[in-house]
6 protein chains.
Amino acid sequence: MAADTPDRIIVINPNSTEAVTQGIDKAMQPLRRKDGTQIECVTLKEGPPGIETQAHVDGVVAPLVAQVRARDNDAAAFVIACFSDPGIHQAREATRKPVLGIAECGIMAATMLGDRFGIIAIKNRSIPRHMRYVRALGLESRCAGDLAIDLSVVELSDEGRTYGRMVEVGQRLRDERDAGVIVMGCAGMARYRDRLEDAIGIPVVEPSQAAAAMALGLSRLSWTGKRTS
Amino acid sequence: MAADTPDRIIVINPNSTEAVTQGIDKAMQPLRRKDGTQIECVTLKEGPPGIETQAHVDGVVAPLVAQVRARDNDAAAFVIACFSDPGIHQAREATRKPVLGIAECGIMAATMLGDRFGIIAIKNRSIPRHMRYVRALGLESRCAGDLAIDLSVVELSDEGRTYGRMVEVGQRLRDERDAGVIVMGCAGMARYRDRLEDAIGIPVVEPSQAAAAMALGLSRLSWTGKRTS
Amino acid sequence: MAADTPDRIIVINPNSTEAVTQGIDKAMQPLRRKDGTQIECVTLKEGPPGIETQAHVDGVVAPLVAQVRARDNDAAAFVIACFSDPGIHQAREATRKPVLGIAECGIMAATMLGDRFGIIAIKNRSIPRHMRYVRALGLESRCAGDLAIDLSVVELSDEGRTYGRMVEVGQRLRDERDAGVIVMGCAGMARYRDRLEDAIGIPVVEPSQAAAAMALGLSRLSWTGKRTS
Amino acid sequence: MAADTPDRIIVINPNSTEAVTQGIDKAMQPLRRKDGTQIECVTLKEGPPGIETQAHVDGVVAPLVAQVRARDNDAAAFVIACFSDPGIHQAREATRKPVLGIAECGIMAATMLGDRFGIIAIKNRSIPRHMRYVRALGLESRCAGDLAIDLSVVELSDEGRTYGRMVEVGQRLRDERDAGVIVMGCAGMARYRDRLEDAIGIPVVEPSQAAAAMALGLSRLSWTGKRTS
Amino acid sequence: MAADTPDRIIVINPNSTEAVTQGIDKAMQPLRRKDGTQIECVTLKEGPPGIETQAHVDGVVAPLVAQVRARDNDAAAFVIACFSDPGIHQAREATRKPVLGIAECGIMAATMLGDRFGIIAIKNRSIPRHMRYVRALGLESRCAGDLAIDLSVVELSDEGRTYGRMVEVGQRLRDERDAGVIVMGCAGMARYRDRLEDAIGIPVVEPSQAAAAMALGLSRLSWTGKRTS
Amino acid sequence: MAADTPDRIIVINPNSTEAVTQGIDKAMQPLRRKDGTQIECVTLKEGPPGIETQAHVDGVVAPLVAQVRARDNDAAAFVIACFSDPGIHQAREATRKPVLGIAECGIMAATMLGDRFGIIAIKNRSIPRHMRYVRALGLESRCAGDLAIDLSVVELSDEGRTYGRMVEVGQRLRDERDAGVIVMGCAGMARYRDRLEDAIGIPVVEPSQAAAAMALGLSRLSWTGKRTS
């Protein structure tokens, strides 16, 4: 990190739902220290309320990268806080600061906590996208499975129902797919982490935390913004 | 991290060569902040001068884990600073604090900087051990190759000669094996990182830095010490 | 194919260079039959002159999908004629007609002609993108390597120079990476196929031809537009 | 395709059961056009009534390849219509025309319709043979599973019973193995495709159709008969 | 095997439980011939009563290798009879005689008897260790799963209860994970092999037998003690 | 092995060249003991002089399996002594005795001697066949490469020339493909093993020896003839 690089990590929530950004922000709390690296969570106003389809994923890339460019002088690192890691490779072209994706980092953190990880998705239709990404990372042999709670928007607004489905799906990943650790497949699940881990008895990774945690240190190393891919 | 957890990462060099520990310590400098997390580098006195054989790797496990136990109350996280990640799984049984290996973290950091990583080893005979570990991680499809500088101890004391061989091997990994990023396969190579990267023109990961950088943030998250493996 | 589906395959060149579209169109010639399926090649005016960066790839997705929607009633199938298969998954959300990517189809056709395929890229920086895609397809164990001719725009306008480099790279893929078949990693290489195959003595796949050839028949089957991914 | 190559695809059913050939022939109907490429389905008289064992697979190779040689001047391409793709590599030695296997093509078509494919086999003892082939193709990471309906010959003659088992097995592949698309693991299943797809709600690939569809276009390209494997 | 090499295979049980050694010794009976190669089973007195944790695995390495050195002149080959193959790579450094691990050999023998193998473990916590090893061997695509009977020490002393759990777990591996062959994941399970195979109807590999069987012949070949890893 | 099973391993050379059978027979010498298991090497008279093409491979299956049936009462195990393991799966259907292939066993033995194995083939056109088999075994991540000496029949009769090429190819596999162990990819190479190993300095596996060595012990175990694949 050059002398004039600001000591700030910018976490971009690519959907436009402020409540999700607030949930991420709250999840950042344990990573903050007085006078330490600042962690700023921002909402991508141009994003859809939630990122469910490939069109949503593709659609946020341009404004997200514009945001990265606009804030480049303010940041030591960027975190893309959507489990599809939208725009990660273009963002890496656009800045020499480290850009971390929550899927990438959540999955890598999970491999340190259990042998095979399971992913809890919100929607069934996200699963093929997740799996393509897991294979692109090269980590398919560590992936136990990816299952969705698959609730409607109305159902998702019922926190008890949502949590209940997460427990059910987590148990299936543990018992039927042999997952030793769970990765939450959405930045919006942060507030369920603690109780989910208690309920299913294996580690649960909140991927925004994983990415921001990795960004904290990696942003300080000069080599982490040089890339060939 | 519970309220009473000390804000200190302990980096254990499992060989007994103080100069290597000092090199690691110097490499930690960019990660340190005034009043920030302390990063303490310690030498495993019981270790051999260098870790070259499987006997060396296996031999340091017991004293290394003893060290982890002895310092458990002093640390928020441990880093094992030998590229074979000796004792990592036993150390994870011995403490609820995160234990990070420099091979594991160096390789994961590399996957964020280039598509396929090459490893520069000191000795040819370490390569099979490295490759077994890469496959155990599940990342063999991201590994371009692992080549050794293969110098004798006397030759290694010649810094110019050592650096020259590292450049040669790095170029072969880049040109003949299609590596887009290099991981230094030994904690003792830290001081060559900057000039090696300049010489070969692709990112070079110093794995002790990668592991300590990841430990900085992960040590602050309550879930990172819970493991099923 | 429903009774009212037009018997036409639309091949979209996502870059704005008409000469590339014309090259593709010429390559379609052997696939055409009098009174047979029509193969129409169109240029994406909104595209850049060439697709080299991730920004280029991401940038063509929206206009390309708009084109797919606009022509949906005119087509029995679509072919995306850029070796990064930009927007393929969003296009598949946007239409129930088959959408074929030239990378996907070129690679699959290659696996029927040789055991391991090599890819000839234009630019080095496209290689990581190609490799991520090969792994996402799950075919990395069939990929011998991906090497670029890496010429500047000026050099690329020199057909002899370009062809010479393609021969050199093809020979390296054959001799040093054990490729048994070559896939041309760019839709703009079509006119070099015949002589390249003669020069290097192993099959050379022109991927636009591969994709259009597969589209010819698949577009006639009712099930090929139903997708879960 | 040279000027004098007949515009005809010959689909060889390597078992001697005419009803199976007729079922394949009927499945070809959507691929045919008036004055278009002719698709001729032939029965291998020397074959067994059904191909169940490795001895059956191996036993049909010689007469099948003899058939390919005998009809070489009549065909632009050959399709081997048994899900074990018997004799495919020897047939490719015997002719310069494209030879397509229904397993190979059915699986590749499936990867364009869903992320992971499931295979429905007739007999349990075919599954190891299928799985060896999937790994030989390099596509094991895309394969969700292979399960058999495992009915006796008498039971198979009961169409309702057979269909019922196919639905059961298809649902298991979808729900317990996470298949997003189904490949019918036998050329004799063609007549069940439409209703099976309706019943299980994910795409169902009839592999003889997939192979003939690919053959339609590939047979017109000069390079598709040149092979190094 | 040089002229003065004793015709004796030494099988080392790295736990200190004599009853386990006796069970292995009994399992060796079919491999013995009058005047044939001697198979001697020894107990590692320094080992723990059972090997369950990574600390146990790591802890037996030093005395086990000491045993190998001490008996080097008495043996034509060594077998390490614990399913974690503890110390195998260090033992291979310590002697020029072949050193075979029961996990390695049990798994390889299984791949000759069924397409995908399932492993029955004693304890859940051994599973991540097994899976790391399977990936290090490169055979993860042949592994259907690894499930534990997970009984307490008291329960394990109840032979009927233990056998019942082995049947349950074996059936799950066969029916839910598609295992075509079972590998017993512990040297102490030898006495259950015959009846387990009868109960579940697929081959069951007793890995100590597999390793000793392979050692019988390999110990006679001059090249089998030369190693680069 | 039942009481009345003859203590004899039958090694079938599927080509008709007696000199090759004699070379294999000589290679068996170290495995024989006075009054020990008999190892009988037989020539398949119906085979071609050498097995080079897929037609050759497929063509020997029927007479080879006939031979297995004819000698079933005389053998405790069979070894198929051609590196394409022709007919191995049909032979396993035809007998309950263990059937071992020299490719399968040679490769598995190699994985115990080095991290990644290289294969020396006679002919280039055999390489795709070998690689398909390596992937079917699931061991592609252990395979460094497969290169051919590619000499004509006349050249092969020149022992010095043949040996010289084997050394060249072995060195390339070691130096350019990172092989730590070599597998001879043809049963006819047996007589070159010792000097080749001396010349290239890494272990060289003679696969007929590997297979017969494994057969020696495995033939004595009751479970090794039970198979689900």
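Keep in mind that the numbers below use all heavy atoms, side chains included, and drop hydrogens, waters and symmetry copies. Because the structure is a prediction, the values reported are computed rather than measured. Each chain gets a letter, A, B and so on, in the order the sequences are listed, and its residues count up from 1.
Here the shortest heavy-atom pairing between D/Ala136 and F/Arg132 reads CB-O, 3.7 Å.
Within the 4.5 angstrom heavy-atom criterion, no atom of D/Arg125 approaches chain F. For D/Thr228, the part lying under 4.5 angstrom from a heavy atom of chain F is the backbone only. For F/Ala62, no part lies under 4.5 angstrom from a heavy atom of chain D.
The backbone N or O of D/Gln54 lies less than 3.5 Å from a partner atom in the side chain of F/Glu93, making a donor-acceptor pair.
Rounded to the nearest 0.5 Å, atoms NE2 (F/His89) and CG (D/Asp58) are 9.5 Å apart. Here the CZ-CG distance, from D/Arg135 to F/Leu137, works out to 8.0 Å after rounding to the nearest 0.5 Å.
For F/Arg69, the CZ atom sits in a loose shell: 12 or fewer heavy atoms of surrounding residues, nucleotides or ligands are nearer than 6.0 Å.
Put simply, of D/Gln90, D/His56, D/Arg92, the one with the most heavy-atom pairs under 4.5 Å next to chain F is D/Gln90.
The side chain to side chain contact (heavy atoms under 4.5 Å, CB included) test applied to D/Arg172 returns D/Leu147, D/Glu176, D/Arg177, not counting sequence neighbours. Annotation: ring pair (Phe, Tyr, Trp, His ring centres under 6.0 Å) contacts of F/Phe83 (sequence neighbours excluded): F/His130.
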